Amino acid sequence: MSETTPASGPAEDATEPFRAESAFKYTAALAADIESRWQDVWEKEGTFNAPNPVGALADPAAGDVAAKPHSFIMDMFPYPSGSGLHVGHPLGYIATDVFARYQRMTGHNVLHTLGYDAFGLPAEQHAVATGEHPRVSTEAAMANMRRQLRRLGLGHDSRRSIATIDPDYYRWTQWIFLQIFNSWYDGEAGRARPIAELVAQFEAGSRPAPDGRPWAELTGAEREDVLGEYRLAYSKEVPVNWCPGLGTVLANEEVTADGRSERGNFPVFKSNLRQWMMRITTYSDRLIADLDLLDWPEAIKQQQRNWIGRSEGARVEFAVDGQGAGGRAITVFTTRPDTLFGATYMVLAPEHALVDAIVPAAWPAGTHDDWTGGAATPAEAVAAYRATAAAKSDVERQVDAKVKTGVFTGAYATNPVSGEPVPVFIADYVLMGYGTGAIMAVPAHDHRDFAFARAFDLPMRCVVRPTDGRDQDPHTWDDAFDTYDSVIVNSAHSTDDVATEDRISLDGLSVVEAKQAVTAWLAGRGIGEGTVNYRLRDWLFSRQRYWGEPFPIVYDEDGVMHALPDSMLPVEVPEVEDYSPHTYDPYDSTSSPKTPLSRNEDWVNVELDLGDGVKKYRRETNTMPNWAGSCWYELRYIDPANGEKVVDPANERYWLGATAEKPAGGADLYVGGAEHAVLHLLYARFWHKVLHDLGHVSSVEPFHKLFNQGMITADVYRDERGFPVPAAEVEDDGHGGYTWNGEAVKREAGKMGKSLKNAVAPDEIADQYGADTLRLYEMSMGPLDVSRPWDDRAVVGSYRFLQRLWRNIASESTGELVVTDEPADEATLRALHKAIDGIRGDMAGLRFNTAVAKAIELNNFLVKRGSTPREVAEQIVLLVAPLAPHIAEELWRKLGHAESLAYADYPVADPAYVVDESVTCVVQIKGKVKARLEVSPEITDADLETLALADPAVVAAVGDAAVRKVIVRAPKLVNIVTG
RNA sequence: GCGGCCGUGGCGGAAUCGGCAGACGCCCUGGCUUUAGGUGCCAGUGGGCCUUGUGCCCGUGAGGGUUCGAAUCCCUCCGGCCGCACCA
């Protein structure tokens, strides 16, 4: 407000005292006063502190906590954005708060808090741009977010609000990393075990070292190499996604389908680099199987199954002839071993290691011109093809996917069943990263192979009988025939050229039978076996960034890796002069990463005593990815101050342990966006399972019930050039169009956010109406799991409801109670108990939109009634308390209660009043409503039928038609079927 | 291309088990209160028709089916959203 307010303003106010809004009316000003007072009370009294069974957060006054029903409610870990929240962000937080408050009022010990996933790229980029330390900007952003969220009245246990950037927190992130590093997956036991147990096996000789030498004869480096093949966290040179534009490598999950970084949209290249990996693939089967134990949306489970991509099939070896091959075999993975007789050529991925070994010096006689790519020798052809394939971006590959390219290697392999020579190609439609990077091509029964065979004029052989009317000559086909629902043909050895005991015939077998038969035949000859393949890759776990957890790993002067002991944790993020990653031209695929931490030589070079005296070491300079801190935070919420253990077992068992309702254990409710379907949720499950295997947690899964909340969208207005204009300044032109500064603009739906200039801040709405109104509005907009558009104008509906609620209980002119002491009449009790019954069910089922509607109905009933009996007032206040806690606390206090209602008993419906005294029965004739009867809810079918048939309106409607049948569903419906 | 989810008034949505379609809210219209605006309160508010009332007909993306009865179940199509995408 400026100081040059026109004189008329205050003068008017002064001369017209009637205009002044009553201090007792529920206005934004009064709401603000009530809300800040109650927020202070809750904070001062620690209202939402949840006692633990044991440890620093145990409360002797709380009694036997372990015997109390618990409810662990979580929101997905937020990144503290520097630009503040918009009204879409707190949707899930409000919902979990409403549910948590409801649970508290139904006798649960509720753990609900919110911490911060505070390592991250934006703070680092901000640091690069401004020189401000990421910790400074991150903590400022966290403080601002805490302030914004506090205003909403969220009942969080602030003692448990951890942040991943706190050394006390990431000390345990590093500790868990070491647990994973120091374990291996015992496939026979089906679980992770300490690496020391593996070492013991090697030492005892019960498990031979790979090269057969006794373990004691191996050098330290050699032993470390062997163990590196087993450790669940390992460092290895692997083909990775290198993103020069970001200056870091990325996990597969962070790369989009068109080969760009999910953050920043920079091109991503394949590059061989030494990186940290997590052996998540060893948990593939368990990650799939245990989904069945979880209460998650089916869509999310399906996404995880698809991501892991389990497929059953067989490995088959194809012997390669020709020079240089030296008795080598190419191993392929196929899901269709039943079509082996139809394999007429093979394809290797261009980067397959065996390619160079099998390439002959010259083209075999009679090589098809189209196969050579115009090169003089196979080696030249291969080199040229590799070069063009490597130069192609993934986008180009995508576009070119329909046109198959490739080149002949000059080598032939032998089909192990038919004995026929098959040419070996390289082509980029075979990916190195999947299966064995090599396929047997069955063009008659695979669409991709068919297209390739057509392009290169390769033979085809039909081995699955077509069921769609086509003949068995693939040359006449338009595409491959790939059904499973048929029988095998043309798949038998001729009796002449194979010895009897080696013969196999698949003819006449179903696809499923043939798979088994051929797999057994191959296994019997040692040239194949049934196997399971996964799409899931090991998880790339290192990043070349500053603002992340350092690895608790050092290298000695021989380059041998050493894990730091627990006593040296945490390894703190060092100070550096320059935070920026070495980024490159986004298209410079030949660049390679340099870590920001390597710049601080004082930090990198250390002298440590790791048990054999003080020696010089170099620290690992990669940092962990953003996911690390969020992979286990649910554990630290439980025991945030525990300095001895990551979490005390008694506390873990209480909050996360398995029960009849949650067989794998886990948090009772986890609410967040569907965008974390595979990344965070898969990684967190993996870590949790490792910790379970190693005995640190009793639960098998971190999150029992998952709920995906929808997004709040908002209208976007664009000018003629297509640029968004500030949505708040757009005006309706009255003819269905919109203008901004007089210029016509177009409306469309969009996400809410700064860039689209349509963000609405929760502070704005709280200023205008109060936080309770904002909470109520967000909860009433629609079902929690559906996206819905924000509508500024509609907020007033929730505000009016609270005003009417207030007015039903307290006078707007004096602030005094206006409730009456009369007992509630029967109609009022019925309205009340029906509301209680409905709202309880809605609360438990997270259907807050209909819960609000029912509360409004009850309140409207009281408005019409003209007065509010005290007993009803108390109940309605408790009913709305989870939704609008500040106004509820204030009214509760006015009603004479000295204690907060946070732990008051939620109203329970009296069944006697839930049923109406009389219900409206609908009488239909042929399904159309013709009459309504007021009947007792206890009426029998027979009585109701008699009553219905006697009703004058029914008699008139039936007329002289014959009644054929009468369906009675007492007490609500009678349907008369006439002839 | 494959897989999944979803289509209900002017708008957001409700109908929990196959049984009164449109709860609740917004918008809009009329009335009362008010000097006025705003707030508040009351009434109306899916479409159509007329005989204006306890009235009739139509109506849940389109078409078909099952059923005494379908927004709800089944089939085909149309439209939208999401995920995966040469995964052998």
Side-chain angles (χ1 to χ4, degrees), chain A residues 18-19 21 25 27 257-258 297-307 309 311 313 332-336 339 343 347 397-398 400-402 404 427-431 433-442 445-449 451-452 533-536 674-675 677-678 708 736 776-777 780-783 785-798 800-801 803-804 807 812 838 841-842 845 847 849-857 859-860 863-864 920-932 952-953 956 964-969 972-978:
Chain A
F18 298 111
R19 303 263 173 78
E21 210 103 68
K25 182 172 176 176
T27 58
D258 55 357
E298 200 46 49
I300 301 289
K301 289 189 183 182
Q302 201 51 48
Q303 278 184 56
Q304 292 220 340
R305 289 191 197 103
N306 291 344
W307 191 264
S311 54
V332 303
F333 172 75
T334 176
T335 55
R336 294 297 302 269
T339 62
V347 184
R397 265 197 182 203
Q398 200 84 28
D400 298 343
K402 282 170 209 100
K404 294 284 180 284
D428 64 0
Y429 85 92
V430 173
L431 310 173
Y434 185 77
T436 60
I439 62 156
M440 63 177 216
V442 184
H445 305 291
D446 180 282
H447 298 292
R448 296 150 303 182
D449 298 344
F452 190 85
N533 197 52
Y534 302 91
R535 203 188 80 108
L536 183 69
E675 67 273 16
V678 281
N708 292 123
L776 207 55
Y777 175 63
S780 61
M781 289 168 80
D785 55 351
V786 173
S787 293
R788 65 310 283 279
W790 178 263
D791 182 359
D792 258 326
R793 293 177 311 178
V795 181
V796 71
S798 301
R800 287 178 190 149
F801 162 59
Q803 288 184 320
R804 285 195 287 263
R807 217 164 29 234
E812 284 193 342
D842 289 343
R847 293 185 298 270
N849 54 329
T850 50
V852 172
K854 283 162 190 160
I856 292 173
E857 274 181 293
N859 195 50
N860 287 350
V863 169
K864 272 213 170 67
T920 306
C921 171
V922 182
V923 185
Q924 300 177 335
I925 293 174
K926 293 211 273 192
K928 296 221 163 88
V929 180
K930 292 292 172 184
R932 290 184 172 83
R964 271 212 321 219
K965 196 174 178 184
V966 181
I967 292 115
V968 184
R969 293 282 180 277
K972 302 208 57 168
L973 177 125
V974 176
N975 191 11
I976 298 161
V977 188
T978 56

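Source: prediction; values computed, not measured. The figures that follow rest on heavy atoms only: side chains count, while hydrogens, waters and symmetry mates do not.
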* Asked: Syn or anti: how is B:G9 classified when any glycosidic angle within 90° of 0 counts as syn?
  -> syn
* To do: Give a yes/no on whether any side-chain N or O of A:Arg969 is located under 4.0 angstrom from OP1 or OP2 of B:C17.
  => no
* Between B:A14, B:C24, B:C27, which one does the side chain of A:Val796 approach most closely? -> B:C27
* On a whole-Å scale, what distance lies between the P atoms belonging to B:G38 and B:G13? -> 29 Å
* Presence of A:Arg804 side-chain N/O under 4.0 Å of B:C41 phosphate oxygens OP1/OP2 -> yes
* To do: Please state the C1' separation for the pair B:U8 and B:A23 - nearest whole angstrom.
  => 13 Å
* Please evaluate the base of B:C68 for a donor-acceptor partner in the side chain of A:Arg964 within a cut-off of under 3.5 Å? => no
* Which is true for A:Ser787 with a 4.0 Å heavy-atom rule: it touches a base, it touches only sugar-phosphate, or it touches nothing? -> sugar-phosphate
* Whichever of A:Arg807 and A:Pro789 has its nearest RNA chain B nucleotide further upstream toward 5' -> A:Pro789
* Structure fact -> In whole angstroms, the gap separating C1' of B:C24 from CG of A:Asn859 amounts to 12 Å
* Asked: Once you round to the nearest 0.5 Å, how far does CD of A:Gln924 lie from CD1 of A:Ile967?
  -> 9.0 Å
* Counting only N and O atoms by type, is there a donor-acceptor contact under 3.5 Å from the side chain of A:Gln803 to the main-chain atoms of A:Thr27? -> no
* Asked: Ignoring hydrogens and angles, does a donor from either the side chain of A:Lys965 or the base of B:U67 sit under 3.5 Å from an acceptor on the other?
  -> no
* To do: In sequence, state the C-alpha distance, the side-chain angles, and the governing distance for A:Tyr777 and A:Val852, and then conclude on side-chain contact (heavy atoms from CB on, under 4.5 Å).
  => CA-CA 9 Å; A:Tyr777 175 63; A:Val852 172; over 6 Å; no
* Are there more than 12 heavy atoms of other residues, nucleotides or ligands under 6.0 Å from atom NZ of A:Lys972? -> no
* **Option among A:Asp428, A:Asp449, A:Val430 that satisfies the side-chain contact (heavy atoms from CB on, under 4.5 Å) test with A:Val347** => A:Val430
* Watson-Crick and G-U pairing of RNA chain B, under 3.5 Å, as dot-bracket with | and [ ] -> (((((((..(((......[....))).(((((.......))))).(((((..).))))..(((((..]....))))))))))))....
* Asked: Of all the choices, B:A21, B:A88, B:C26, which nucleotide is nearest to the side chain of A:Val929 once you look at every atom?
  -> B:A21
* Donor-acceptor contact present, side-chain A:Arg969 to main-chain A:Asn975, <3.5 Å -> no
* Asked: What's the base orientation of B:C17: syn (chi within 90° of 0) or anti?
  -> syn
* Taking only N and O in the side chain of A:Arg800, is any of them less than 4.0 Å away from OP1 or OP2 of B:G40? -> yes
* **Nucleotide nearest A:Arg535 (side chain, heavy atoms from C-beta), chosen from B:A43, B:C84, B:C26** => B:C84
* Asked: Does A:Asn533 use its side chain to pair, donor to acceptor, with the backbone of A:Ser311 at less than 3.5 Å?
  -> no
* **Atom-to-atom span, CD of A:Gln803 to C1' of B:C41 - whole angstrom** => 13 Å
* For atom P, what is the distance between B:U76 and B:C20, given to the nearest Å? -> 29 Å
* Asked: What is the nucleic acid contact for A:Ala794, judged by heavy atoms within less than 4.0 Å: base, sugar-phosphate only, or nothing?
  -> sugar-phosphate
* Taking atom C1' in both B:A70 and B:G19, what distance in whole Å separates the two? -> 10 Å
* Could you pick out which residue, A:Met440 or A:Glu298, lies toward the 5' side of RNA chain B when each is mapped onto its nearest nucleotide? => A:Glu298
* **Between B:C50 and B:A43 - P atom distance, rounded Å** => 29 Å
* Short side-chain N/O contact to B:A88 OP1/OP2 from A:Ser311, under 4.0 Å -> yes
* For A:Ile856 and B:C24, give me the distance from atom CD1 to atom P, rounded to whole Å. => 9 Å
* A:Asn860 side-chain N/O to B:G25 phosphate OP1/OP2 under 4.0 Å -> yes
* Asked: What integer distance in Å separates A:Lys930:NZ from B:G55:C1'?
  -> 10 Å
* Looking at A:Asn849, does any N or O in its side chain come under 4.0 Å of the phosphate oxygens OP1/OP2 on B:A14? -> yes
* Mind checking A:Asn975 for me? I need base, sugar-phosphate or nothing, with any heavy atom below 4.0 Å counting as a touch. => base
* Asked: Tell me: OH of A:Tyr434 to P of B:A85, nearest whole Å?
  -> 13 Å
* Asked: Looking only at atom P, what distance separates B:C75 and B:U66, rounded to whole Å?
  -> 15 Å
* Asked: Can you check whether A:Lys854 reaches A:Asp842 side chain to side chain, under 4.5 Å on heavy atoms?
  -> yes
* A:Gln302 and A:Arg305: side chain donor to acceptor below 3.5 Å -> yes
* Asked: B:G83 P sits how many Å from A:Gln302 CD, rounded?
  -> 15 Å
* To do: For A:Gln303 and B:G83, give me the distance from atom CD to atom C1', rounded to whole Å.
  => 5 Å
* Between the side-chain atoms of A:Lys404 and the base atoms of B:C86, is any donor-acceptor pair under 3.5 Å? -> yes
* Closest heavy-atom contact between A:Thr436 and A:Val332? -> OG1-CA, 3.4 Å
* Asked: Taking the same atom, C1', in B:G12 and in B:G7, what whole-Å distance lies between them?
  -> 15 Å
* Asked: A:Ser780 near the nucleic acid: base, sugar-phosphate alone, or nothing, with a heavy-atom cut-off under 4.0 Å?
  -> nothing
* Asked: For B:G4, does either OP1 or OP2 sit under 4.0 Å from a side-chain N or O belonging to A:Arg305?
  -> no
* Asked: Between atom CG in A:Asn306 and atom P in B:A85, what is the gap in whole Å?
  -> 10 Å
* Asked: Within the structure, does a side-chain N or O atom of A:Arg793 lie under 4.0 Å from either OP1 or OP2 of B:G25?
  -> no
* Which whole number of Å gives the distance between the C1' atom of B:A62 and that of B:G80? -> 15 Å
* Asked: Any cation-pi pair here, A:Lys404 with A:Tyr429, using under 6.0 Å and within 45°?
  -> yes
* A:Phe333 has a side chain; which of B:C86, B:A88, B:G13 sits nearest to it? -> B:A88
